Amino acid sequence: MNSRELVLGRIRAALGDNPATVDVPRGYRPAGSAADLDLLVHRLTDYRATVHRCAGGEVAQVIGRILGGRRIVIPPGLPRHWLPDSVATVIDDNLTVEQIAAVDGVVTAAAVAVAETGTVVLDADPDQGRRIISLLPDVHVCVLRADQVVAGVPDALARVAPHRPLTWISGPSATSDIELNRVEGVHGPRQLHVVIIPPA
């Protein structure tokens, strides 16, 4: 018996045959204000993300300017009219880590965004895909509808299911060393582009 089995055995013994389940209350206090799209843009740019505002029919042009001539991965449910002819797409149908790491970028949709914190949330819907595709490529382009922006974190939590795998993104991946020198791209994309379009 190893240590893991010992610890799990003790937990099972303590719980008995019918372990109690607890419902976690999800009645978070909402922000109480309307979403401020300009605040979201300010926060995202402060985190060194690049924000593009365009009409719904201009998404492909914007993505072409960002990723034109590159090879990108996309989730299976991403709207194809968002993609320009100038990008080579690979659909993530359970690609390997090596295959995902070999592409230049990724395009996803989003589930919700929080103006107060400048955070975009992905919940693994078919237009967002697996978490790994938003972490390995060097450039992440995320298309966000204006009606997906909420004021605060409680408002965002009300829009997502707690059992979904949630990825919360506030700017490109960044960390700093002991001397506080910023290093980007260590834990995810070095570049984050958020394309904001009108409501559906």
Side-chain angles (χ1 to χ4, degrees), residues 34-93 95 100 102-151 155-156 159-160 166-174 184-185 188-200:
D36 184 342
L37 192 58
D38 291 330
L39 178 61
L40 174 70
V41 172
H42 174 74
R43 294 275 197 260
L44 285 168
T45 54
D46 190 45
Y47 296 147
R48 298 189 188 181
T50 304
V51 178
H52 311 262
R53 290 168 123 166
C54 68
E58 298 172 337
V59 174
Q61 294 172 345
V62 173
I63 291 175
R65 287 196 298 270
I66 300 166
L67 292 169
R70 300 190 196 179
R71 189 166 168 264
I72 65 169
V73 63
I74 61 169
L78 190 80
R80 298 303 191 268
H81 65 274
W82 287 354
L83 302 172
D85 294 334
S86 60
V87 296
T89 58
V90 179
I91 298 172
D92 178 34
D93 54 358
L95 297 173
I100 297 168
V103 300
D104 302 308
V106 58
V107 177
T108 70
V112 67
V114 183
E116 184 178 54
T117 61
T119 305
V120 177
V121 183
L122 311 183
D123 69 358
D125 260 2
D127 60 357
Q128 298 154 54
R130 297 185 298 157
R131 184 172 191 263
I132 192 169
I133 68 171
S134 69
L135 295 177
L136 290 182
D138 195 45
V139 181
H140 181 185
V141 178
C142 183
V143 181
L144 174 72
R145 294 190 326 270
D147 60 350
Q148 292 178 300
V149 179
V150 297
D155 305 301
R159 288 202 184 189
V160 295
L166 302 177
T167 304
W168 297 67
I169 303 167
S170 296
S173 168
E184 296 179 350
R190 282 186 308 121
Q191 297 177 44
L192 173 66
H193 293 262
V194 179
V195 180
I196 301 176
I197 61 175

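This structure is a prediction, so every number in the text was calculated from the model and none was measured.
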Shortest non-hydrogen contact between Ala110 and Val120, atoms and distance: CB-CG1, 3.7 Å
Taking every non-hydrogen atom, the tightest pair across Ala109 and Cys142: O-SG, 3.5 Å
Closest approach of Leu122 to His140 (non-hydrogen atoms, all atoms of both residues): CD1-CE1, 3.9 Å
Those residues that, when tested against His193, pass ring-ring contact (aromatic ring centres under 6.0 Å, His included) (two or more places apart): His52
Exercise: identify the closest heavy-atom pair between Val195 and Cys54: CG1-SG, 3.7 Å
Sequence-distant partners of Asp125, salt bridge (charged side-chain N to carboxylate O under 4.0 Å, His left out), two or more places apart: Arg164
Set of residues satisfying side chain to side chain donor-acceptor pair (under 3.5 Å) with respect to Arg159, sequence neighbours excluded: none
Residues Asp123, Gln128; criterion side chain to side chain contact (heavy atoms under 4.5 Å, CB included); working and verdict: CA-CA 7 Å; Asp123 69 358; Gln128 298 154 54; 3.0 Å; yes
Gap between atom CG of Leu192 and atom CZ of Arg48 - 0.5 Å precision: 13.5 Å
Taking only distance into account, with no hydrogens and no angle test, what donor-acceptor pairs under 3.5 Å do side-chain atoms of residues 34-41 form with protein atoms, sequence neighbours excluded?
from  : atom 1 : to    : atom 2 : distance (Å)
Asp36 : OD1    : Asp38 : N      : 3.1
Asp36 : OD1    : Leu39 : N      : 3.1
Asp38 : OD1    : Arg53 : NH1    : 3.3
Asp38 : OD1    : Arg53 : NH2    : 3.3

With sequence neighbours excluded, residues passing side chain to side chain donor-acceptor pair (under 3.5 Å) with Ser134: none
Under the side chain to side chain donor-acceptor pair (under 3.5 Å) test, residues paired with Ser170 that sit two or more places apart: Thr119
Nearest non-hydrogen partners of Gly56 and Pro198, listed with the distance: N-CD, 3.6 Å
Just distance, no hydrogens or angles: give the donor-acceptor pairs under 3.5 Å from side chains in residues 61-75, sequence neighbours left out.
none

Listed partners of Asp147 passing side chain to side chain donor-acceptor pair (under 3.5 Å), at least two apart: Arg145
Please tabulate, one pair per line, all N/O donor-acceptor pairs under 3.5 Å involving side-chain atoms of residues 76-90, not counting sequence neighbours.
from  : atom 1 : to    : atom 2 : distance (Å)
Arg80 : NH1    : Pro76 : O      : 3.3
Arg80 : NH1    : Leu78 : O      : 2.6
Arg80 : NH2    : Pro76 : O      : 3.4

Contacts of Asp92 that satisfy salt bridge (charged side-chain N to carboxylate O under 4.0 Å, His left out) - sequence neighbours left out: Arg130
Separation between CD1 of Ile169 and OG1 of Thr108, rounded to the nearest 0.5 Å: 6.5 Å
